[in-house]
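A short write-up of the structure that comes next.
Chain A is the first sequence line, chain B the second, and so forth, proteins listed ahead of strands; every chain is numbered from 1.
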Protein chains: 2
Amino acid sequence: MKVNIFDVAKKSGMSIVTVSRVLNNAPTVREKNRQKVLDAIKELNYSPNSAARTLVRGKTGVIGLTITALNDTVFDGVVQSVLENLKLNGYVLAISIAHELGNESFDASNFLFHHDRVDGIIVLSTLQEEAYIADLERKKIPFVMIDSHSEHNNVPTINVDNYLGGYEATKHLIALGHKRIAHISGQYAFLSARQRKEGFTDAMIEAGLSPSMIIEGEFGTYCGHSIMQNWIAQGNQIPSAIFAADDMIALGVIRSLMEAGYNVPGDVSVIGYDDQSFANEVHPRLTTIRQPVGQVGEHAVKILMDLIQGKQTKNTKLQLKPELIFRESTAKYKGDIN
Amino acid sequence: MKVNIFDVAKKSGMSIVTVSRVLNNAPTVREKNRQKVLDAIKELNYSPNSAARTLVRGKTGVIGLTITALNDTVFDGVVQSVLENLKLNGYVLAISIAHELGNESFDASNFLFHHDRVDGIIVLSTLQEEAYIADLERKKIPFVMIDSHSEHNNVPTINVDNYLGGYEATKHLIALGHKRIAHISGQYAFLSARQRKEGFTDAMIEAGLSPSMIIEGEFGTYCGHSIMQNWIAQGNQIPSAIFAADDMIALGVIRSLMEAGYNVPGDVSVIGYDDQSFANEVHPRLTTIRQPVGQVGEHAVKILMDLIQGKQTKNTKLQLKPELIFRESTAKYKGDIN
DNA sequence: ATGAAAGCGCTAACAT
DNA sequence: ATGTTAGCGCTTTCAT
């Protein structure tokens, strides 16, 4: 902390400029002097002050990423991918947690949102999208959004095709012979929830079926349990298949079904979404839709790099394809229950 | 990015010093001038350059936290708590992912590990503890470790009593009437794994029982499945209760048991550890050991604040108590199976 | 209450 | 190949 470039200069007998050159691998330093400097650096245990560097260079070498929670396999996958790709580009990653407590005002205190803290920002799945965009554009910080919810801006965005995911999930169920199929969605505030639902509806219509029920649930929660429990308690006929908007919801659905004595997938097939890490380990192993997290991270970094370098980026809206993972929680339709 | 304190000074007709005073809420500015400055700031959309501030102040106002993965409920809980408590102290949080690819050398490129990037660091559950400690001490960056693995240093540390957790989990099983009890542990490289195992062993001994089996598994993986599958395939007698070192392992154990036609907890009771978010939603709902994540984060921040302020901190080793969460995956012993 | 001047640690011209 | 000089944007004495 105390030792600075002057100390190194003094100790090595060189000027601070030469020290700076060594620090930045300038080719114009005599090897002998270079060594002197290197020795002094090691001896003094010196490392350059990055605030000073940032100040003079006008850039930080760090990319920020905002996230809302740390307990999600999809987020984790995206972040790991971002990390790798950033490293390839010589940037480091700083993650910031952004709380999204309902209608609480946008948290401008977010430490990342300073031009002198980061060179660019990746916004991962926020609900306060408009506020972020406004702030970031005002500050002229390059950024890219992942899992954007509004469709009508020209902001660089990477989404996974949720319509397709919902459609494929439903087609899977239909292909298995199911006819009475229900959907429990995420909050409609999320574009992804609305799109998955649309994919569901369209697949049903296409097959000449009408949805057994569609209920708005909540992503990442276990609302599936209470919803199914109510459904059962009311004496409604149980659909033979259910498309849950994510794996947490699916888990809740399955539990309530099992508690009521139904067999999954024997009596009812359930498909989730996201391929959470537990999906492959619960009993029955969850059939689900996997998102291409690696690609998402890769493209996010790519776009951001282009933005930072001022390249003209046209295809600023990217849509990737999800993938069906067929496991054990869905099976052929075997006749009606109840 | 371009507008600086000079621009504000010019526009407001004040000197940069006065602007600075306003920025820092100095009481010695005439209200009228204060307004002028505030207006100029707003009009120019100015926000102070934090690199310059850091440079001159010698401190950053940010606390760093290193973490290895983002898909863990315990980590998430700790981080959320850290975040809250940091905010109370006027600090912001920067998270950095530290990969721990086996024996890969310590990743010194971690962007947090600069005195001029953070004022202090929280190291969350790393395996490369010694490397971190050496680096951080060399750089004289205040830090605190959570879930430390070595017992023999004087580093500020917050752990949850894993011995007690293992002990309580096992006592729970014993109290339920079980006698043939097995344990699948985490990697012994983790102190927490060794301690949970010891708690298990001691509780068994105390009850005059001998462990049905103890197998080293791997935290956070679903090794429980293959381990139980092998056990069953070999025609061994199934223990009537199993203590899995974490919830992921427990999930694997339960699945293999169910696949083999056993009932949980009817035939075999299974207890996990950590109370992952899915634990309350799988079927059967997992009995587990919950860690006091809120307290962990709170104390971590507290200790770090003391360290930064140079206060003498004696009780630099803190040990918190875990809590048994009795749900559905464990039940009274009902006689032998097989 | 306000301002002038010095300097935080570094790099980028511009000499030499 | 190396050094001199001038800032990057801000805060902090020290005057006034």
Side-chain angles (χ1 to χ4, degrees), chain A residues 1-38 40-41 44-62 90 111 114-119 139-141, chain B residues 1-38 40-41 44-62 90 111 114-119 139-141:
Chain A
M1 168 156 213
K2 281 196 201 131
V3 36
N4 63 19
I5 200 170
F6 270 93
D7 301 320
V8 178
K10 202 177 301 170
K11 175 136 235 157
S12 62
M14 298 287 109
S15 75
I16 61 164
V17 182
T18 303
V19 175
S20 175
R21 289 198 175 104
V22 172
L23 252 24
N24 295 284
N25 300 311
T28 63
V29 178
R30 217 187 301 274
E31 184 54 32
K32 195 176 141 198
N33 291 332
R34 177 190 191 68
Q35 267 312 326
K36 278 198 220 164
V37 170
L38 253 21
I41 287 177
L44 294 173
N45 191 16
Y46 164 80
S47 75
N49 180 307
S50 43
R53 280 187 146 169
T54 296
L55 185 58
V56 64
R57 283 180 178 160
K59 55 200 294 302
T60 64
V62 3
F111 95 102
H114 291 270
H115 219 307
D116 37 26
R117 297 233 216 236
V118 296
D119 295 340
K139 293 182 180 158
K140 299 212 175 79
I141 301 178
Chain B
M1 172 159 207
K2 284 200 202 127
V3 37
N4 64 19
I5 199 170
F6 271 92
D7 301 321
V8 178
K10 203 176 301 169
K11 174 136 237 155
S12 63
M14 298 286 111
S15 75
I16 60 164
V17 182
T18 303
V19 175
S20 175
R21 289 196 175 104
V22 172
L23 252 25
N24 295 284
N25 299 311
T28 63
V29 178
R30 216 187 302 275
E31 185 51 32
K32 195 177 140 200
N33 292 332
R34 175 188 193 70
Q35 268 312 326
K36 277 198 220 162
V37 170
L38 254 19
I41 287 177
L44 293 173
N45 191 17
Y46 165 79
S47 76
N49 180 307
S50 43
R53 280 187 147 169
T54 296
L55 185 57
V56 64
R57 294 210 263 229
K59 54 200 294 300
T60 65
V62 5
F111 95 103
H114 290 270
H115 218 307
D116 36 30
R117 296 233 216 238
V118 296
D119 295 339
K139 294 182 180 158
K140 299 213 175 80
I141 301 178

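Take Arg30(B) and apply the side-chain hydrogen bond (donor to acceptor under 3.5 Å, both in side chains) test, not counting sequence neighbours, and it matches no residue. Under the rule for a salt bridge (charged side-chain N to carboxylate O under 4.0 Å, His left out), Lys36(A) has no partner lying at least two apart in sequence or in another chain. Every residue was checked against the side-chain hydrogen bond (donor to acceptor under 3.5 Å, both in side chains) condition with Ser47(A), not counting sequence neighbours, and none meets it. In terms of the side-chain contact (heavy atoms from CB on, under 4.5 Å) criterion, residue partners of Val17(A) (sequence neighbours excluded) are, by chain and number, Ser15(A), Arg21(A). In this structure Ile16(B) satisfies the side-chain contact (heavy atoms from CB on, under 4.5 Å) test together with Ile5(B), Phe6(B), Ala9(B), sequence neighbours excluded.
Nucleotide dC10(D) holds its P atom 9 Å from the CG atom of Leu55(A), rounded to whole Å. Note: NZ (Lys59(B)) to C1' (dC8(C)) measures 15 Å, nearest angstrom. To the nearest angstrom, C1' of dG9(C) lies 14 Å from CZ of Arg117(B). When rounded to the nearest whole Å, the span between CZ of Arg30(A) and C1' of dG3(D) equals 13 Å. Atom pair Ile41(B):CD1 and dG9(D):C1' shows a separation of 14 Å (rounding to whole Å applied). Computed from coordinates, the Phe6(B) CZ to dG7(D) P distance equals 11 Å when rounded to whole Å. Between the CG atom of Asp116(A) and the C1' atom of dC10(D) there is a distance of 11 Å, given to the nearest Å. Per the geometry, NZ belonging to Lys10(A) stands 12 Å off P belonging to dG9(C), to the nearest Å.
Using a 4.0 Å cut-off, no side-chain N or O of Asn49(B) falls inside it from OP1 or OP2 of dG9(D). Thr54(B) has no side-chain polar atom (N or O) that falls below the 4.0 Å cut-off from OP1 or OP2 of dC10(D).
Thr28(A) comes within 4.0 angstrom of a nucleotide base, judged by non-hydrogen atoms across all strands.
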Restricting both atoms to N or O, compile the protein contacts to nucleotides 11-13 of chain C shorter than 3.5 Å, with distance only.
| unit_1 | atom_1 | unit_2 | atom_2 | d |
| --- | --- | --- | --- | --- |
| dT11(C) | OP1 | Asn24(A) | ND2 | 3.2 |
| dT11(C) | OP1 | Arg53(A) | NE | 2.7 |
| dT11(C) | OP1 | Arg53(A) | NH2 | 3.2 |
| dT11(C) | OP2 | Ser20(A) | OG | 2.8 |

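A heavy-atom distance below 4.5 Å is found between the side chains of Arg53(B) and Leu23(B). Here the side chains of Arg117(A) and Val62(B) are in contact, with some heavy-atom distance below 4.5 Å.
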